[in-house]
Visitor: 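One structure coming up, written as structure tokens, with questions to follow.
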Amino acid sequence: MAMQTDKIICCSAPAVSYGTVLAGMDITEESVQKTREILEAVPQLEELFLNPTVPQQKKLDVIGRVFPEEMHAFLKTVCTHHRMDLLGEIFAAYDRCRDESGRTVRAVLTCVDVPDAEQKKGMEDFLCRKYGADQALIEIRQDASLLGGFILRAGSDEYDWSMKGRLDRLTEALAGR
């Protein structure tokens, strides 16, 4: 059930089915993300859900008390069908399904300084316009070697506005003279 963000997760057929159903439900991205965060923050939940000696009703009660209300029915179904061990794969399949529907674009922003809320919103708006998406999710990575500015990568596109990139391009231009 461990959530993995930097690795590609191969999903089993049941996980793909559940992930597709989750993506088709009227559940906000925030509720899905909050569920992931809870599962990552409280690893004891995995032990509880996978322990065959814990009564099913207790597991369902925990779901009702711990997770966002929007997620209750989905998680209870997964739990009732004894598929809680697939949650990591289910969330990976959910992400792929949302991405493929064109509603979400994912990007990586590498920068020296983390952008403020207004700057980040501007980048999200740019990505949504550029890729025709409803939502942009930006993963932020800090890298002091850029010297300043940022590099924004989405799909196969890269927008390099870093000082290091500018210096490299200037060096290439001067060497070409």
Visitor: Taking atom CG of L146 and atom CG of L167, what is their separation to the nearest 0.5 Å?
Guide: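 Answer for the CG-CG pair, L146 versus L167, is 11.0 Å.
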Visitor: When you compare the side chain of D134 with that of T104, does any pair of heavy atoms fall below 4.5 Å?
Guide: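 A side-chain contact is absent here, since even the closest heavy-atom pair is not under 4.5 Å.
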Visitor: Shortest non-hydrogen contact from L152 to A107?
Guide: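 Taking every non-hydrogen atom into account, CD1-CB, 4.0 Å.
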Visitor: Taking side chain as C-beta onward, heavy atoms only, is E46 less than 4.5 Å from L39?
Guide: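 They are not in contact (no side-chain heavy atoms under 4.5 Å apart), so the answer is no.
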Visitor: Check whether more than 12 heavy atoms from other residues, nucleotides or ligands sit under 6.0 Å from atom NZ of K34, and answer yes or no.
Guide: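 Incorrect, the count does not exceed 12.
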Visitor: Applying salt bridge (Lys or Arg N to Asp or Glu O under 4.0 Å), run through D160 and R166 and close with a yes or a no.
Guide: CA-CA 8 Å; D160 187 345; R166 291 177 185 189; over 6 Å; no
Visitor: Between H82 and D85, what is the shortest heavy-atom contact and its length?
Guide: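 Smallest interatomic distance, heavy atoms only, reads O-OD1, 3.7 Å.
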Visitor: CG/N51 to CE/M84 distance, rounded to the nearest 0.5 angstrom?
Guide: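 If I round to the nearest 0.5 Å, the distance is 13.0 Å.
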Visitor: Answer yes when D95 and R36 have at least one side-chain N-carboxylate O distance shorter than 4.0 Å, and no when they do not.
Guide: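 Yes, this pair counts.
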Visitor: Let me check something: do I140 and Y159 share a hydrophobic cluster, defined by ILVMFWY side-chain heavy atoms less than 4.5 Å apart, either directly or through other members?
Guide: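 Same hydrophobic cluster.
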Visitor: Working to the nearest 0.5 angstrom, can you tell me the gap between T35 OG1 and L22 CG?
Guide: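 The CG atom of L22 is 8.5 Å from OG1 of T35, to the nearest 0.5 Å.
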Visitor: When hydrophobic residues are tied together by side-chain contacts of less than 4.5 Å, even through go-betweens, does L86 share a cluster with L50?
Guide: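 Yes, L86 and L50 fall within the same hydrophobic cluster.
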Visitor: How long is the span from the CG atom in L109 to the CD atom in E124, to the nearest 0.5 Å?
Guide: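 These two atoms lie 10.0 Å from each other.
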Visitor: Between L137 and Y131, is there shared hydrophobic-cluster membership here, with clusters defined by ILVMFWY side-chain heavy atoms closer than 4.5 Å?
Guide: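 No, no single cluster joins them.
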Visitor: Any side-chain heavy-atom pair from L48 and K58 closer than 4.5 angstrom?
Guide: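 The answer is yes, as the side chains (C-beta and beyond) meet within the 4.5 Å cut-off.
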Visitor: Under 4.5 Å between any side-chain heavy atoms of R153 and I151, yes or no?
Guide: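 The answer is yes, as the side chains (C-beta and beyond) meet within the 4.5 Å cut-off.
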Visitor: S145 and D143: which non-hydrogen atoms are nearest, and at how many Å?
Guide: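 Scanning both residues, the minimum pair turns out to be OG-OD1, 2.6 Å.
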Visitor: For R141 and E139: C-alpha separation, side-chain torsions, deciding distance, then whether salt bridge (Lys or Arg N to Asp or Glu O under 4.0 Å) applies.
Guide: CA-CA 7 Å; R141 297 180 183 167; E139 177 186 340; 2.8 Å; yes
Visitor: Is any side-chain heavy atom of V32 less than 4.5 Å from a side-chain heavy atom of P68?
Guide: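 Sidechains of P68 and V32: no contact.
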Visitor: Check A41 against P43 and note the closest heavy-atom contact, atom names and distance.
Guide: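 Heavy atoms only, the tightest pair is O-CD, 3.3 Å.
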Visitor: What's the shortest heavy-atom distance between E89 and A15, and which atoms?
Guide: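 Reported closest heavy-atom pair: CB-CB, 3.4 Å.
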Visitor: When you check the side-chain N and O atoms of Y94 and E29, is any donor under 3.5 Å from an acceptor?
Guide: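 Yes, because at least one side-chain N or O of Y94 sits under 3.5 Å from a partner of the opposite role on E29.
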Visitor: Under 3.5 Å, is there a donor-acceptor pair between the T28 and S31 side chains?
Guide: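 The criterion, which ignores hydrogens and geometry beyond distance, is satisfied for S31 and T28.
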Visitor: Would you mind checking if K121 and D125 are paired as a salt bridge, meaning a charged N to carboxylate O distance below 4.0 Å?
Guide: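 So D125 pairs with K121 through a salt bridge.
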Visitor: Does the plane of the ring in H81 sit parallel, tilted or perpendicular to the ring in Y18? Use 30° and 60° as the thresholds.
Guide: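 Aromatic pair H81/Y18 classed tilted.
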Visitor: As an exercise, state the distance from CZ of F150 to CE of M163, rounded to the nearest 0.5 Å.
Guide: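 Those atoms lie 13.0 Å apart.
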Visitor: Do you know the tightest heavy-atom contact between K76 and L60?
Guide: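 K76 and L60 have their closest heavy atoms at CE-O, 3.5 Å.
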Visitor: What distance do L45 atom CG and K59 atom NZ have between them, rounded to the nearest 0.5 Å?
Guide: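 Between L45 CG and K59 NZ, I get 12.0 Å after rounding to 0.5 Å.
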Visitor: Taking the side chain as every heavy atom from C-beta outward, state whether F49 and L87 have any pair of such atoms under 4.5 Å apart.
Guide: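 In short, these two side chains do not touch, never coming nearer than 4.5 Å.
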Visitor: Check the hydrophobic clustering (I, L, V, M, F, W, Y; side-chain heavy atoms under 4.5 Å; chains of links allowed) and say if V62 and M71 are grouped together.
Guide: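 They do share one cluster, since a chain of ILVMFWY contacts under 4.5 Å joins V62 to M71.
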Visitor: Side-chain heavy atoms nearer than 4.5 Å, only ILVMFWY residues, links allowed to pass through others: does that put L147 and V114 together?
Guide: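 Hydrophobic grouping puts L147 apart from V114.
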Visitor: Any Lys/Arg nitrogen of D168 or K164 sitting under 4.0 Å from an Asp/Glu carboxylate oxygen of the other?
Guide: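 Yes, D168 and K164 are salt-bridged.
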